[in-house]
Each structure stands twice: as C-alpha cells, then as structure tokens.
Amino acid sequence: MKLISLFSLLIVTNTSFSQTGNAEIDATMKFEEVFNYISSMYVDDVKHDELTDAAIIALLEKLDPHSTYISEEDVKDANSRIDGNFVGIGIRFQILKDTLMVVATIPGGPSEKLGLLPGDKIVTIENENVAGIGLKNGDVRDKLMGDKGTEVKIEVKRKRSPRLITFVIKRDVIPVNSVETAYMVTETTGYIKLNSFSRSSLNEVREGIKKLTKLGMENLIFDLQGNPGGLLYSAKYLSDEFLSGEKLVVYSEGRAQPRQDLKTEYKGLWENGRLVVLTNEYSASASEIVSGAIQDWDRGLIIGRRTFGKGLVQRPIDLSDGAQIRLTIARYYTPSGRFIQKPYEDKEAYSSDLADRYENGEFMHQDSIKMVDSLLFETLIQKRAVYGGGGIMPDIFVPLDTSAITDFYSSLIRTGHLNNFALHYVNKNREALAAGYPTFEQFKTDFKVDKKFMDLFFDYIKKEENDLEKDEQLEFNKAEYETSEELLALRMKAILARNLWGYSEFYQIYNATNEILQKAIEVIESEQYIIE
C-alpha cells in the first residue's frame, strides 16, 4: 500500500534520509496495525485509497506548511508549471454562457496549424456534446489534454458558417511561458515580467534581454511581483545573468543534506547595466533567492514591498501509484547568510500572515514593519543593513494604492462580468476591431473606453442578470463607480487587448496602474538610483 510503502522508504533509505532506530520502526508497525484493523473490522466498506491519501496529508501537515501531497490526477498539472510545457491542442479558452469558446490559439500549436480561430465555439468533443451542460475548466482540460501524438475530434460553430466544422487535432507539446511580457517601458528602460521559475525560464529571460538590448535597453526592470517561485536551479541560473565573476547565489543545508553552495558559472547577458527587481508580498521562494542575491551583492535595487518569506527547499518524490509528495529537505540562505523563512510553528498564524500584514498597515506604511535586530545582516560589498527572518525587505518601499478599488469595482471583477463582456464584445466586433486597429500600437493609442462603451457594458450586465432574484443582482453604485471609473476603463481595455493579441499586450496597458513599476521607472532613470 502507498502509505506503508512511504514509511518503508523512510526507514530503509539512507541516501536521502538518515538511518533510523527502533522508534521509527515501531511507529510504522503501529500504523500498519491500525490500518489492518480498519481494513478487516470496520463496520462499512473501506475506500483504502481515500483513507491512505487522507493519512498522508495529515502526516505531512505535522511537518511544515510546504511539505505537500499531490494526487495522481494533479501531478501532470503541477509538473507542467515546472517543466514549462504540457501536452494538449494549444488553445486559450473561456466558458461563456455555458459555451466553450476559443479565446486564442497558441502560435505554432496544433490548433493554429489546422485553422482553429479565436471566437470559435467548441460544441462537441469526441462526438459528446459539451454545450449547455455546466462544463467546468477542469472538465475541458481532462477532455483536451492527453498523451503526445494522440488525436481528439472536435466540432466547432463558427460565425457566419451554417454548419459545424470538424477538426481532428493531434495533441502536441505546448509551451507554458514563464515570461509573460518583455517590452520597452521607455526609450532606454526595458521591462521583463517573470511569473514562475520553470525549466524554460532561463532561455525565455535571455531571449527577452536580447530583444530589448536590440531595442536600445540601457536599464532593466525585472518584475517578480506575484511570482511564487519554482525550481531552485532556475533561480540560480537566472541570478547568473545579473552577477559577474564567481559569486555565491544561495546555499542550502538540512538534517540529512550537507551544505550545498550554488555559485555563478558563466558570463550573463546583463551583468553591468542598471537593474531593479520588483517584489511584493506574493513574491516567494525562488523569487526571494534571486532578489536576495541581487541585494546581498549590491548588484541592483529591490523596489516594492516585503516578500512572502519562504526559505525552505522541497524535493519531489514520486509514489508507486503516480502520486507525489514534495518534502522539505533543507533550508536555504542568501549569500550574506540570511534565512528568510517566516516562523511556521503556529500554522494558523502562518496561514493568516498576509492578511495580518494588511490589517497591521504593513502594505501601506513601511514604519509598520518591525524587524528584529538579532536578524540584522550586512550586504557583501557596500555593507548595507539587511534583515532575515521573514522575507526580503525592499531597498525602496512602495505602498499599496487602494484608493480606486471600491466594493463595486471588486464585485465586477469577482462576478466575471468584466471578462465575459470583453470576450463577448471582441467576438461580436472582431472584424471591425481588426480593420480599425490593425496593430496593437494603434489600439493602445486610439481605442477609448468611453461612456458609450460603458453603457454597453452595463446593458450587458442587466441582460445577464435578468433571470436572477433582485437581491442577487449587482446594484449600481454611482459614487463608487466614479471613484473606480478610470481603473475600470483601463482594466477593460487591457482585457480587450489580451483577447485580441495576448498577455503581453494586456500588461503593456494595465501596467499604468502598477505603482511599483512606475516608481521603478522613476528611480532607474534618475539620480535616485544609488546603491549605498
């Protein structure tokens, strides 16, 4: 059985875990004894797989917040973010009014090659109706993803086509880009946003740097806001792009793992130009390794807010039935020796940490952040004061601006009305939009989300909510709408751009609201850029 096999692995393996004594053997025998009693004597039939999974989850919860169990069904999805790819048909989709719609095809993917188009409505998959049946995103992935080389048959309804169009699509490897956008924010400053640290991240970032260098980049802003981390070695290699010579990037050690130093090895593409790394409270793990190394070696400035505070290393371990555990095996330390993991002995406090930070005013006021003198360290070149014990503190703090975020605005986002209307509008006006705005630059400059456009939006909401009870309908709040009007219009325009082009274009519009990025542009192009 899976759980007993796991206990056996802990006992007999001496390569990853230290040799055990009788206490561990006794514990394993005790568990097996209880499991056998349940199996043979319990009043009802026992679902052994569910019982085993629950026991493993409970076991890992006794360790730390980041040792986790991943079921067989979820392993592929979890690995796709690390591997930087998955096997599928190569579309971005959205379920609108219980209809599966193609938002975009992945360039070079099998769907694009066969002629599937944005706006196509997928009506059947393998001769099975998928329209009007309460389809969920997970159902779509189950039906369209599979093994490389296998085929899936779909039928689509296309605008102005009287008949359904049949496609037989051969599944292939589809890239999952970790660089969401790379563009010039000014004539001299480039911007790269990384959303995770996968096996493809290094090549993606290098391609971004090369592209921006050709466009005249003299300064680089590297955005790690909201980046939850990923592969340790990806963080090491990306740090190598910015650090010159042979420098320590990070080191790790644990009870059963001796100290391991990861150092720079090669000449990176951006070792000399001005560099700013953007962080916030959702930047974690590998993001903190990169920002910690940049800060400790006084290579660039960290701008934003204090990072999450995850300083633990997990190793994926495959189980016999295809499931996986990710077990914490070591702690990692920045080059100056900082351990940035926030305390996790109180699991409830750990899970509510970010909410507590917000309530305590930390996101708005730097003075609300209390750092302990015993966790004071120095950077390695300039000897600047830096702290461990709860994330990476930025060199320049930028408060969270919530002045335009009202309850009414949040409701429009939460209900999905914004995304749904944007897709509806693009599909209805795709030809006119293509003719009026043949390039993204023209759209960015000339397209206006004005009162006439917003009237269409609110008319759409009324029709969508017509069947709902009155107390379930969204109530228009004039005062809150006027407070959020500019932000709402900008977000609407960005979503339209995403549906017409892609995520890169979304950020090129929506980043006007990114207060951390705007501060970074101001600093990196002025005399404020001082590392001392």
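The shown structure was predicted, so the numbers you read here are calculated from the model rather than taken from an experiment.
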Asker: Going by salt bridge (Lys or Arg N to Asp or Glu O under 4.0 Å), name the pairs with one or both residues in residues 295-305, residues two or more places apart or in two chains.
Answerer: Glu281-Arg305, Asp296-Arg338, Asp298-Arg384, Arg305-Glu515
Asker: Supply the atom-to-atom distance Leu375 CG to Tyr387 OH, rounded to the nearest 0.5 angstrom.
Answerer: 9.0 Å
Asker: Looking at Phe93, I want to see if its CZ is surrounded by more than 12 non-hydrogen atoms of other residues, nucleotides or ligands under 6.0 Å.
Answerer: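 Counting other residues, nucleotides and ligands, CZ of Phe93 exceeds 12 neighbours.
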Asker: Whether the Glu288 and Ser283 side chains hold a donor-acceptor pair (N or O, under 3.5 Å, no angle test) is what I'd like checked.
Answerer: no
Asker: Would you say Thr264 and Glu246 are linked by a side-chain donor-acceptor pair, where the criterion is simply a distance under 3.5 Å?
Answerer: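 No, because no side-chain N or O of Glu246 sits under 3.5 Å from a partner of the opposite role on Thr264.
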Asker: For Arg357 and Phe363, indicate whether the former's side chain and the latter's backbone hold a donor-acceptor pair under 3.5 Å.
Answerer: no
Asker: Going through the checks in order, is the side chain to side chain donor-acceptor pair (under 3.5 Å) test met by Thr52 and Asp49?
Answerer: CA-CA 5 Å; Thr52 301; Asp49 286 346; 5.5 Å; no
Asker: With a cut-off of 3.5 Å and sequence neighbours excluded, list every side-chain donor-acceptor pair involving residues 209-216.
Answerer:
from, atom 1, to, atom 2, distance (Å)
Lys211, NZ, Ala182, O, 2.6
Thr213, OG1, Ile209, O, 2.7

Asker: For Asn177, give me all partners under side chain to side chain donor-acceptor pair (under 3.5 Å), at least two apart in sequence or on another chain.
Answerer: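 For Asn177 there are no side chain to side chain donor-acceptor pair (under 3.5 Å) partners, ignoring immediate neighbours.
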Asker: Name all residues meeting the side chain to side chain donor-acceptor pair (under 3.5 Å) criterion together with Asp223; count only those two or more places apart in sequence or in a different chain, and write none if there are none.
Answerer: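 Residues passing side chain to side chain donor-acceptor pair (under 3.5 Å) with Asp223: Tyr191, Gln225.
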Asker: Are Glu253 and Arg259 close enough for a salt bridge, meaning some N to O gap below 4.0 Å?
Answerer: no
Asker: Within the distance-only criterion (no hydrogens, no angle test), does the side chain of Gln257 pair as donor or acceptor with the backbone N or O of Gly254 below 3.5 angstrom?
Answerer: no
Asker: Would you say Glu378 and Ser336 are linked by a side-chain donor-acceptor pair, where the criterion is simply a distance under 3.5 Å?
Answerer: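 Not at all, the side chains of Ser336 and Glu378 share no donor-acceptor pair under 3.5 Å.
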Asker: If you count heavy atoms of other groups shown closer than 6.0 angstrom to CZ of Arg331, is the number above 12?
Answerer: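 No, because the 6.0 Å sphere around CZ of Arg331 holds 12 heavy atoms or fewer from other groups.
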Asker: Just grab all the salt bridge (Lys or Arg N to Asp or Glu O under 4.0 Å) pairs involving residues 340-351, residues at least two apart or on different chains.
Answerer: Lys342-Asp353
Asker: Which residues satisfy the ring-ring contact (aromatic ring centres under 6.0 Å, His included) test with Tyr332, sequence neighbours excluded?
Answerer: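 Counting only residues at least two positions away or on another chain, Tyr332 forms no ring-ring contact (aromatic ring centres under 6.0 Å, His included).
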Asker: Flag the pair Val276 / Leu220 as yes when at least one side-chain heavy-atom distance between them is below 4.5 Å, and no otherwise.
Answerer: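 No, side chains not in contact.
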Asker: Answer yes or no: is there a side-chain heavy-atom contact under 4.5 Å between Ile303 and Phe397?
Answerer: no
Asker: Taking salt bridge (Lys or Arg N to Asp or Glu O under 4.0 Å) as the cut-off, I'd like each qualifying pair that reaches into residues 499-508, sequence neighbours left out, listed once.
Answerer: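 Not a single pair qualifies under salt bridge (Lys or Arg N to Asp or Glu O under 4.0 Å).
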Asker: Can you tell me how far the CZ atom of Arg315 sits from the CD1 atom of Ile329, to the nearest 0.5 Å?
Answerer: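 The distance works out to 3.5 Å.
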Asker: For a 4.5 angstrom cut-off between non-hydrogen side-chain atoms, does Thr68 reach Ile325?
Answerer: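 Not in contact.
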Asker: With rounding to the nearest 0.5 Å, note down the distance linking OG in Ser71 to CD in Glu50.
Answerer: 11.5 Å
Asker: Indicate whether any N or O donor in one side chain lies under 3.5 Å from an N or O acceptor in the other, for Gln295 and Asp395.
Answerer: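 Yes, side-chain donor-acceptor contact under 3.5 Å.
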Asker: Test side chain to side chain donor-acceptor pair (under 3.5 Å) on Thr188 and Glu525; report intermediate values, then the result.
Answerer: CA-CA 8 Å; Thr188 57; Glu525 295 189 342; 3.2 Å; yes
Asker: Find out whether Pro110 and Lys170 are in side-chain contact, i.e. whether some heavy atom of one side chain is under 4.5 Å from a heavy atom of the other.
Answerer: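 Side chain of Pro110 against side chain of Lys170, heavy atoms only: no contact under 4.5 Å found.
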Asker: Looking at Asn280 and Gly304, would you say the former's side chain and the latter's main chain have a donor-acceptor pair under 3.5 Å?
Answerer: no
Asker: Look only at the side chain of Tyr69 and the backbone of Arg326, and say whether a donor-acceptor pair between them is shorter than 3.5 Å.
Answerer: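 Flag not set: sc Tyr69 to bb Arg326 has no pair under 3.5 Å.
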Asker: For Thr307 and Ile340, run side chain to side chain contact (heavy atoms under 4.5 Å, CB included): C-alpha distance rounded to whole Å, both residues' side-chain angles, the deciding distance at 0.1 Å, then the answer.
Answerer: CA-CA 9 Å; Thr307 61; Ile340 55 87; 5.6 Å; no
Asker: Answer yes or no: is there a donor N or O on one side and an acceptor on the other, between the side chain of Trp297 and the main chain of Leu248, under 3.5 Å?
Answerer: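 Yes; judged by distance alone, with no hydrogens or angles, the pair exists.
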Asker: When rounded to the nearest 0.5 angstrom, what is the spacing between CD1 in Ile294 and OG1 in Thr334?
Answerer: 12.0 Å
Asker: So, Tyr183 and Asn511: side-chain donor and acceptor under 3.5 Å apart, yes or no?
Answerer: yes
Asker: Any heavy-atom pair between the side chains of Met393 and Ile369 that's under 4.5 Å?
Answerer: yes
Asker: What about Trp501 and Phe440, are their ring centers closer than 6.0 Å?
Answerer: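 Distance test on ring centres: under 6.0 Å, yes.
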Asker: What distance separates Trp270 CH2 from Ile192 CD1, expressed to the nearest 0.5 Å?
Answerer: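 If I round to the nearest 0.5 Å, the distance is 9.0 Å.
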Asker: Quick one: which residue pairs count as a side-chain hydrogen bond (donor to acceptor under 3.5 Å, both in side chains) with a foot in residues 228-242, not counting sequence neighbours?
Answerer: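 Matches after skipping sequence neighbours: Arg206-Glu241, Tyr233-Gln260, Lys236-Glu265, Glu241-Tyr266.
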Asker: Under 3.5 Å, is there a donor-acceptor pair between the side chain of Ser287 and the main chain of Asn227?
Answerer: yes
Asker: Under 3.5 Å, side chain of Asn360 to main-chain N/O of Glu362, donor-acceptor pair present?
Answerer: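 No; zero donor-acceptor contacts below 3.5 Å.
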Asker: Using ring-ring contact (aromatic ring centres under 6.0 Å, His included) as the criterion, list what pairs up with Tyr251, not counting sequence neighbours.
Answerer: Tyr333
Asker: Please name all residues satisfying side chain to side chain donor-acceptor pair (under 3.5 Å) with Ser178, sequence neighbours left out, ordered by chain then number.
Answerer: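 By the side chain to side chain donor-acceptor pair (under 3.5 Å) rule, Ser178 matches Ser201, Glu204.
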Asker: Are Ile392 and Arg306 packed together at the side-chain level, in the sense that at least one heavy-atom pair is separated by less than 4.5 angstrom?
Answerer: no
Asker: In terms of side-chain heavy atoms, does Ser200 have a donor or acceptor partner in Asn203 at a distance below 3.5 Å?
Answerer: no
Asker: Go through Thr328 and Leu63 one step at a time and tell me if the side chain to side chain contact (heavy atoms under 4.5 Å, CB included) criterion holds.
Answerer: CA-CA 9 Å; Thr328 297; Leu63 302 178; over 6 Å; no
Asker: So how far is it from Leu100 CG to Asp139 CG, rounded to the nearest 0.5 Å?
Answerer: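 One gets 10.5 Å once the value is rounded to the nearest 0.5 Å.
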Asker: With no hydrogens and no angle check, is any side-chain donor or acceptor of Ser111 less than 3.5 Å from a backbone partner on Ile89?
Answerer: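 At least one qualifying donor-acceptor pair exists.
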Asker: Would you say Gln341's side chain and Gly311's backbone share a donor-acceptor pair under 3.5 angstrom?
Answerer: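 Checking the backbone N and O of Gly311 against the side chain of Gln341, a donor-acceptor pair under 3.5 Å is found.
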Asker: Identify, with sequence neighbours excluded, every residue that meets side chain to side chain donor-acceptor pair (under 3.5 Å) alongside Thr150.
Answerer: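 With sequence neighbours excluded, Thr150 shows a side chain to side chain donor-acceptor pair (under 3.5 Å) to Arg171, given in chain and number order.
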Asker: Do Leu278 and Leu224 have side chains that approach each other closer than 4.5 Å (heavy atoms only, starting at C-beta)?
Answerer: no
Asker: Any side-chain to backbone donor/acceptor pair from Arg274 onto Ile524? Under 3.5 Å, distance only.
Answerer: yes
Asker: For residues 102-109, please give each side-chain donor-acceptor pair under 3.5 Å, one per line with the distance, not counting sequence neighbours.
Answerer:
none

